[in-house]
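Numbers for residues simply follow the sequence, beginning at 1.
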Amino acid sequence: MTVAMKRFPAGTTSLPSEIEDVYKLYAMDITSKEAVKAALDQNGLEIALDGEEESNEDEGMWGDIDSVQLIDPKTGKVEDDEMYETLDDAVEQGDWEPGQPFNFVVRNVPARLKEMD
């Protein structure tokens with residue numbers, strides 16, 4: 001969030017909550033997408049998005065998030081067994097912070113076989 005703060009006038013001590021949630025949602029989406037890419041890569045697959053090679057402007061279009069669990073960064077355990085249905089819910093209701101680990105289930109990821117080198 002310190003990088004985001006640099007976009008505001010000097011002396012600004014906190015981001016407006018609406019903007020902070022947008023930054024957090026974007027960070028959580030990109031993190032999830034990168035984890036999915038790594039899992040697909042281990043299975044010889046890659047994300048197949050029409051006309052968008054390695055674009056970060058596809059928020060939420062790369063799969064359907066089914067559930068999210070936040071993990072307590074101090075204990076490494078799932079927080080209170082709460083499940084969130086979307087990344088939005090995890091940010092808004094669960095108070096997810098960048099750097100905090102989380103588990104998620106994603107379905108309907110558009111994938112294709114990786115092209116041979």
Side-chain angles (χ1 to χ4, degrees):
M1 299 314 286
T2 55
V3 174
M5 289 296 296
K6 292 178 182 177
R7 295 180 176 247
F8 291 89
T12 303
T13 57
S14 65
L15 293 172
S17 62
E18 301 84 22
I19 294 175
E20 184 175 356
D21 285 352
V22 170
Y23 277 109
K24 288 179 181 180
L25 179 60
Y26 181 76
M28 198 173 207
D29 183 78
I30 291 297
T31 302
S32 302
K33 180 180 174 187
E34 290 302 316
V36 167
K37 286 168 118 179
L40 289 174
D41 185 54
Q42 290 176 358
N43 290 289
L45 301 168
E46 64 186 2
I47 288 181
L49 296 174
D50 294 331
E52 293 194 27
E53 294 296 320
E54 294 301 311
S55 173
N56 289 330
E57 297 177 10
D58 57 5
E59 188 176 312
M61 294 173 43
W62 53 269
D64 298 329
I65 299 290
D66 187 19
S67 59
V68 180
Q69 287 181 313
L70 301 182
I71 298 173
D72 186 317
K74 293 178 184 165
T75 65
K77 296 183 180 182
V78 173
E79 288 185 356
D80 302 325
D81 295 324
E82 284 192 52
M83 288 279 234
Y84 302 97
E85 291 184 18
T86 65
L87 298 178
D88 274 327
D89 291 346
V91 168
E92 293 172 8
Q93 298 168 15
D95 295 326
W96 178 80
E97 293 293 327
Q100 179 181 2
F102 61 97
N103 296 328
F104 67 100
V105 174
V106 62
R107 301 184 191 287
N108 301 320
V109 176
R112 63 177 169 240
L113 289 173
K114 289 179 79 172
E115 293 184 17
M116 297 186 73
D117 294 334

* **Nearest atoms (heavy-atom pairs only) where Trp62 meets Leu49** => CA-CD2, 4.2 Å
* Closest heavy-atom contact between Val68 and Ala90? -> CG1-CB, 3.8 Å
* Can you sort out the partners of Thr31 under side-chain contact (heavy atoms from CB on, under 4.5 Å), two or more places apart, ordered by chain and number? => Phe102
* Under the side-chain contact (heavy atoms from CB on, under 4.5 Å) rule, collect the residues that match up with Gln100, sequence neighbours excluded. => Leu70, Pro73, Glu79, Trp96, Glu97
* Structure fact -> Those residues at least two apart in sequence (or on a different chain) that pass side-chain hydrogen bond (donor to acceptor under 3.5 Å, both in side chains) with Glu82 are Tyr84
* Structure fact -> For Ile65 and Phe104 the tightest heavy-atom approach is CD1-CD1, 3.9 Å
* Asked: Who pairs with Asn43 by side-chain hydrogen bond (donor to acceptor under 3.5 Å, both in side chains), at least two apart in sequence or on another chain?
  -> none
* Asked: Should Val78 and Met83 be regarded as members of a common hydrophobic cluster, given that ILVMFWY residues are connected when their side-chain heavy atoms come within less than 4.5 Å of each other, either directly or indirectly?
  -> no
* To do: Supply the atom-to-atom distance Met28 CE to Asp21 CG, rounded to the nearest 0.5 angstrom.
  => 11.5 Å
* Asked: Side-chain heavy atoms under 4.5 angstrom apart, residues restricted to Ile, Leu, Val, Met, Phe, Trp, Tyr: same cluster for Leu87 and Ile71?
  -> no
* Structure fact -> Sorted by chain and residue number, the side-chain contact (heavy atoms from CB on, under 4.5 Å) partners of Val105 (sequence neighbours excluded) come out as Asp66, Ser67, Arg107
* Please list, chain by chain and in numerical order, all residues satisfying side-chain hydrogen bond (donor to acceptor under 3.5 Å, both in side chains) with Asp41, sequence neighbours excluded. => Lys114
* To do: Using the side-chain contact (heavy atoms from CB on, under 4.5 Å) rule, take Glu20 and Lys24 through it: C-alpha gap first, then chi angles, then the decisive distance, then the call.
  => CA-CA 6 Å; Glu20 184 175 356; Lys24 288 179 181 180; 3.2 Å; yes
* Partners of Glu46 by salt bridge (Lys or Arg N to Asp or Glu O under 4.0 Å), sequence neighbours excluded? -> Arg112
